[in-house]
4 protein chains.
Amino acid sequence: MTGTTSVGSSRSDAVRNRRLLLDAAAEAFAECGVEVSIGEIAQRAGVGKGTVFRHFSSKEELLAAIMLGMLNELVDTGTALLTADDPGLALREFMTAGVEIFVRDRAFCEVIGRPSLQHAQVRDAIDRLCDVAEGLTARARRQGIVRPDITGTDVVLILGGIQHTAAPLLIAEPQAWRRYLELILDGVTTGTGRRLPYPPPSRLPLIDPDPDPGR
Amino acid sequence: MTGTTSVGSSRSDAVRNRRLLLDAAAEAFAECGVEVSIGEIAQRAGVGKGTVFRHFSSKEELLAAIMLGMLNELVDTGTALLTADDPGLALREFMTAGVEIFVRDRAFCEVIGRPSLQHAQVRDAIDRLCDVAEGLTARARRQGIVRPDITGTDVVLILGGIQHTAAPLLIAEPQAWRRYLELILDGVTTGTGRRLPYPPPSRLPLIDPDPDPGR
Amino acid sequence: MTGTTSVGSSRSDAVRNRRLLLDAAAEAFAECGVEVSIGEIAQRAGVGKGTVFRHFSSKEELLAAIMLGMLNELVDTGTALLTADDPGLALREFMTAGVEIFVRDRAFCEVIGRPSLQHAQVRDAIDRLCDVAEGLTARARRQGIVRPDITGTDVVLILGGIQHTAAPLLIAEPQAWRRYLELILDGVTTGTGRRLPYPPPSRLPLIDPDPDPGR
Amino acid sequence: MTGTTSVGSSRSDAVRNRRLLLDAAAEAFAECGVEVSIGEIAQRAGVGKGTVFRHFSSKEELLAAIMLGMLNELVDTGTALLTADDPGLALREFMTAGVEIFVRDRAFCEVIGRPSLQHAQVRDAIDRLCDVAEGLTARARRQGIVRPDITGTDVVLILGGIQHTAAPLLIAEPQAWRRYLELILDGVTTGTGRRLPYPPPSRLPLIDPDPDPGR
DNA sequence: CATGAATGAGAATTCATTCAT
DNA sequence: CATGAATGAATTCTCATTCAT
């Protein structure tokens with residue numbers, strides 16, 4: 001009845017279900033975006049809808065858990081790259097990894113790009129991501145590879161921008177984003193030497209209230 | 001006459017209501033995106049729900065009317081710039097005008113970025129927009145201002161990308177997008193001379209069916 | 001403005017509109033049944049919806065007017081047949097004319113078969129129809145052509161029954177009702193030995209598309 | 001097991017609700033016809049509107065489930081009668097059972113009489129019904145009880161015709177259909193000389209109130 | 001008088017969330 | 001603990017009817 005063959009260790013069942021759920025939700029959110037229904041997720045996980053709410057108090061929480069996992073992965077990737085030999089290549093690899101995540105995951109794009117309505121933990125993870133990006137950018141900057149007024153936050157923001165630019169092409173050409181990554185890297189790295197016309201953002205301004213006016 | 005879809009009654013109250021409706025809908029779509037409800041739009045316009053459907057046979061039509069208006073405006077702007085003296089400045093002004101529209105309007109971003117399932121007229125307008133952008137790009141290209149492998153479609157795609165890049169900043173810093181426009185212009189215009197790693201898109205691939213898998 | 005070429009004799013306009021309206025409504029009700037919308041009728045008549053309500057205080061009244069017209073026509077037909085030479089043939093001709101009306105008019109079937117919710121005038125017309133039918137039946141009865149316990153009301157009721165019996169066949173075989181008219185006249189079990197005038201259907205023709213034109 | 005469409009949860013409360021729902025829907029459809037609203041059905045069943053859609057994916061499905069149940073019952077009745085001793089009596093009993101169903105159920109009349117656009121299963125059931133009717137008719141035909149050119153499909157069509165003939169009488173005289181069943185069996189003009197089993201109606205009983213219960 | 005614009009109740013359907021089993 | 005049944009608010013859209021122009 002509980003899904004295990006032996007005498008229902010409810011504890012391990014729960015752990016297993018949580019895993020199943022996270023995987024299914026990740027897949028569903030990636031494919032369908034944040035609007036995917038809890039029913040769809042539960043079905044993909046092979047559990048009941050109630051189980052979703054046992055593990056995550058709301059859809060919002062579930063989404064946050066998934067997003068956190070991806071953000072942390074990217075933070076880890078960036079952290080590892082902080083000690084790479086070639087700072088320019090490291091930055092490029094970080095951005096490549098970043099865009100790849102955006103490109104694979106509709107919900108990720110929607111969540112990172114809509115910074116209000118967000119979970120505290122997700123914000124913190126985005127902050128950490130900006131920190132790591134800043135670390136990588138600073139190294140490249142010191143080597144003159146990157147324009148002096150480009151920040152880590154710029155880099156994080158740009159990841160989503162690249163995905164979004166290529167989005168209409170991605171069904172037909174799943175790698176099209178590489179074109180725009182390269183394009184912006186040219187702008188980011190060398191540039192014309194002119195100061196950019198607008199000062200860099202210090203940090204992503206994550207505003208609590210009014211998540212979706214008019215709804 | 002003004003780009004509206006239906007016949008256009010000449011009765012003054014109806015004309016006024018239609019204007020009210022278009023304005024309210026434009027505002028609502030701009031603020032809330034395409035998911036805003038007809039009820040919300042009707043309320044903002046100060047009319048009954050039925051009145052919305054009297055003027056536009058479906059939510060889709062209303063959205064299309066608004067989007068068409070904005071697309072056509074931008075096409076007109078671009079067309080006027082085709083005969084400007086300075087091709088480089090013309091392209092920059094076109095892109096500035098373009099991003100300004102994206103930045104002001106959530107629905108516009110959603111519609112242009114998710115081009116499937118769309119109204120034929122909207123598609124046509126997007127095509128015309130790409131054509132105009134190509135005209136502007138070609139002129140700049142011939143003068144060596146723009147990389148040889150940048151197309152009008154690239155330019156149109158990039159408009160949305162810039163908006164999306166700056167989106168999280170826009171509440172606090174409504175002009176932040178200028179930073180990223182400049183950044184990408186550096187990439188677009190001079191670049192490093194390297195070929196981009198991915199061939200340019202010929203045209204926005206507008207795919208009819210199943211725009212939202214998993215729903 | 002008013003539709004006339006000369007100085008708007010509003011009076012004759014109104015008369016003309018009423019005629020237009022009755023014709024359009026008759027056609028629309030016949031094709032689509034009582035559920036056809038006032039908008040559809042107004043459009044077919046080439047007038048505004050308001051005009052419908054100026055001439056008929058409600059949809060119900062308009063429907064009643066049309067139904068009355070048809071009922072009266074049938075009453076007249078029956079009345080004329082009361083003096084025909086052959087009472088048996090007269091009854092048969094009356095029933096033929098009756099079924100032809102039912103067969104041509106969806107709304108007529110719906111209204112006559114659903115006797116509640118009805119207009120006093122329509123009821124009166126139905127009563128008169130029964131009287132005429134009784135006259136015809138009585139003559140035939142006296143000649144021994146018709147069973148002694150068949151009444152005019154029976155005959156009227158049977159008209160609708162015949163239409164309804166043949167209804168599923170009528171799209172493919174518009175004359176199929178003749179089969180069932182003959183059947184009920186001749187009798188199923190005993191019969192006269194004559195072949196029925198219409199071949200038997202092999203199977204109910206179940207047609208997929210558009211079951212309800214004009215909706 | 002019993003002819004329901006979906007999987008059939010084993011939870012007792014759900015089973016009970018499904019039963020409640022089917023009963024309420026059957027009653028509502030019977031009384032009001034297919035136009036009865038889901039809200040009305042839900043209310044009669046004492047459940048929320050959502051519950052209806054949990055059990056049946058659309059109104060169409062719910063209707064089909066009910067109709068199928070009735071069709072199958074009638075098919076079963078007919079099948080059992082195929083082995084009855086007296087073929088003439090068997091046919092009469094089949095037709096009696098058939099008309100009884102029509103008479104009890106407005107939706108049934110509407111569905112069988114407007115057979116386009118229908119659920120595949122419902123069509124199949126109607127086909128099976130015609131087959132059974134043909135079996136019964138053939139037996140009677142071989143014994144010379146029935147005219148040689150009457151088919152099973154005729155018989156099925158006639159069931160609805162009888163109901164429709166008697167419909168205006170049924171509120172006042174619920175058994176009036178027996179008259180018309182006998183009539184069509186014996187024949188109008190020739191007949192067997194037996195009195196019809198139900199006295200003739202004096203006049204169409206046109207009842208004012210309650211035009212369309214359940215609307 | 002004629003018009004057709006506005007209205008708003010009502011229909012089917014979806015879905016996050018709660019809770020009895 | 002897990003389940004999935006029940007709920008009801010919200011959404012898009014239709015239409016008879018009223019009324020300002």
Side-chain angles (χ1 to χ4, degrees), chain A residues 1-3 8-11 13-14 17 35-43 47-55 57-60 62 215, chain B residues 7 9-18 21 35-40 42 46-60 62 215, chain C residues 1-3 8-11 13-14 17 35-43 47-55 57-60 62 215, chain D residues 7 9-18 21 35-40 42 46-60 62 215:
Chain A
M1 282 299 175
T2 53
S9 157
S10 309
R11 191 78 155 116
D13 267 16
N17 270 348
E35 304 261 3
V36 74
S37 79
I38 289 286
E40 169 80 15
I41 291 170
Q43 212 170 339
V47 303
K49 265 194 297 191
T51 305
V52 180
F53 287 93
R54 166 162 302 280
H55 287 280
S57 62
S58 74
K59 190 182 175 181
E60 206 51 38
L62 172 55
R215 285 260 259 165
Chain B
V7 284
S9 134
S10 51
R11 238 170 75 173
S12 64
D13 56 345
V15 171
R16 191 177 138 275
N17 265 348
R18 192 188 171 86
L21 206 44
E35 303 263 3
V36 74
S37 82
I38 290 287
E40 167 78 16
V47 302
K49 261 184 309 185
T51 304
V52 181
F53 288 97
R54 150 163 285 287
H55 287 278
F56 302 92
S57 62
S58 71
K59 187 183 175 182
E60 205 55 34
L62 172 55
R215 285 260 258 165
Chain C
M1 280 298 174
T2 53
S9 156
S10 308
R11 191 77 155 115
D13 265 16
N17 272 347
E35 303 262 2
V36 74
S37 78
I38 290 287
E40 169 80 14
I41 291 169
Q43 212 171 338
V47 303
K49 265 192 298 189
T51 306
V52 181
F53 285 93
R54 166 162 303 279
H55 287 279
S57 63
S58 72
K59 189 182 174 181
E60 206 52 36
L62 171 56
R215 282 261 257 166
Chain D
V7 283
S9 133
S10 50
R11 239 169 75 172
S12 63
D13 55 345
V15 170
R16 190 176 139 276
N17 265 349
R18 190 186 174 88
L21 207 43
E35 304 262 3
V36 73
S37 81
I38 289 287
E40 168 78 15
V47 301
K49 262 187 306 187
T51 304
V52 181
F53 288 95
R54 150 162 287 286
H55 286 278
F56 302 92
S57 60
S58 71
K59 188 182 174 182
E60 205 55 35
L62 171 56
R215 282 262 254 171

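Everything quoted here is computed from the prediction, not taken from an experiment. Letters A, B, ... are given to chains in the order of the sequence lines, protein chains preceding strands, and every chain is numbered from 1.
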### Query
Between E:dA16, F:dT12, E:dT13, which nucleotide gets closest to the side-chain atoms of B:I38?
F:dT12
#### Entry: Residue whose closest nucleotide on DNA chain E lies nearer the 5' end, D:K59 versus B:G48
B:G48
### Message
How many whole angstroms separate atom CD1 of A:I41 from atom C1' of E:dA16?
### Response
11 Å
### Query
Are C:R54 and E:dA2 close enough that a side-chain N or O sits under 4.0 Å from OP1 or OP2?
yes
#### Entry: Donor-acceptor pair under 3.5 Å, D:K49 side chain vs F:dT7 base
no
### Summary
From the candidates E:dA2, E:dT17, F:dC15, the one with an atom nearest any side-chain atom of A:F53 is E:dT17
### Query
According to the Watson-Crick and G-U wobble definitions, with both distances under 3.5 Å, which nucleotide is paired to E:dA9?
F:dT14
### Message
Judged by each residue's nearest nucleotide on DNA chain E, which is more toward the 5′ side, A:S58 or B:G46?
### Response
B:G46
### Query
Are the side chain of D:K59 and the backbone of D:S37 linked by a donor-acceptor contact shorter than 3.5 Å?
no
### Message
It should be established whether D:H55 places a side-chain nitrogen or oxygen under 4.0 Å from OP1 or OP2 of nucleotide F:dA6.
### Response
yes
## Note on the structure
When both distances are under 3.5 Å in a Watson-Crick or G-U wobble arrangement, the nucleotide paired with F:dT3 is E:dA20
### Value in whole Å for how far the C1' atom of E:dG4 lies from CD of C:E40
16 Å
### Message
For C:G39 and D:G50, find the nucleotide of DNA chain F closest to each by heavy atoms; which residue's nucleotide sits nearer the 5' end?
### Response
D:G50
### Message
Taking the minimum atom-to-atom distance to the side chain of C:T51, which one of E:dA2, F:dA2, E:dT17 wins?
### Response
E:dA2
